[in-house]
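Data first, discussion second: the structure below is written as structure tokens.
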Amino acid sequence: MTSYGSSTASSGSRTNGLAIASLCCGIVGLFILNIVLGPLAIIFGAVARRQATAANGAGMAKAGIILGIVDVVLWLVLLTVAASNGGFSWYVGG
């Protein structure tokens, strides 16, 4: 009798979830919410690097850390440019 729904893919090594989260936060942080997602990418990446071996996502964790640092630097650059242009202002209507 054959077994339905069995998968051989689950028997292999799994990628560390924190490494995936670090990489995702780093990539998304390049576009939106970089001051929040940048530090999260750094933290998730550091924890994942301690947990993961090379086959389980150490490279993704390292990439997430690098992207998290880029996110924070990008936020600092944007903040400096905004401050040098007279700060932030909101204009509403009329």
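What's counted below: heavy atoms across the whole structure, side chains too, no hydrogens, waters or symmetry copies. As the structure is a prediction and not an experimental result, all values here were calculated from the model. Counting from 1, the numbers follow the sequence of the chain as shown.
- Here the shortest heavy-atom pairing between Gly45 and Ala61 reads O-CB, 3.6 Å.
- Within the model, atoms CD1 of Ile42 and CD1 of Ile66 stand 11.0 Å from one another, a figure rounded to the nearest 0.5 Å.
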Subject >> Worked verdict on Leu18 versus Val47 for side chain to side chain contact (heavy atoms under 4.5 Å, CB included) >> reply: CA-CA 7 Å; Leu18 287 174; Val47 173; 3.4 Å; yes
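- Going from atom CG of Asp71 over to atom SG of Cys25 covers 9.0 Å, rounded to the nearest 0.5 Å.
- With sequence neighbours excluded, the residues forming a side chain to side chain contact (heavy atoms under 4.5 Å, CB included) with Ile65 are Arg49, Ile69, listed by chain and number.
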Original post:
Step by step, would you call Arg14 with Asn56 a side chain to side chain contact (heavy atoms under 4.5 Å, CB included)?
Top reply: CA-CA 6 Å; Arg14 298 181 54 100; Asn56 290 341; 6.0 Å; no
Scan the side chains in residues 29-38 for donor-acceptor partners under 3.5 Å anywhere in the protein, sequence neighbours excluded, and list what turns up.
none

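- The shortest non-hydrogen separation linking Ala19 to Ala48 is N-CB, 3.5 Å.
- Test Thr80, Leu76, Leu74 against Leu78 for side chain to side chain contact (heavy atoms under 4.5 Å, CB included) and you get one pass: Leu74.
- Linking ILVMFWY residues whenever their side-chain heavy atoms come closer than 4.5 Å, directly or via other members, leaves Ile20 and Ile43 in distinct clusters.
- Closest approach of Ala41 to Gly68, counting heavy atoms only: CB-CA, 3.9 Å.
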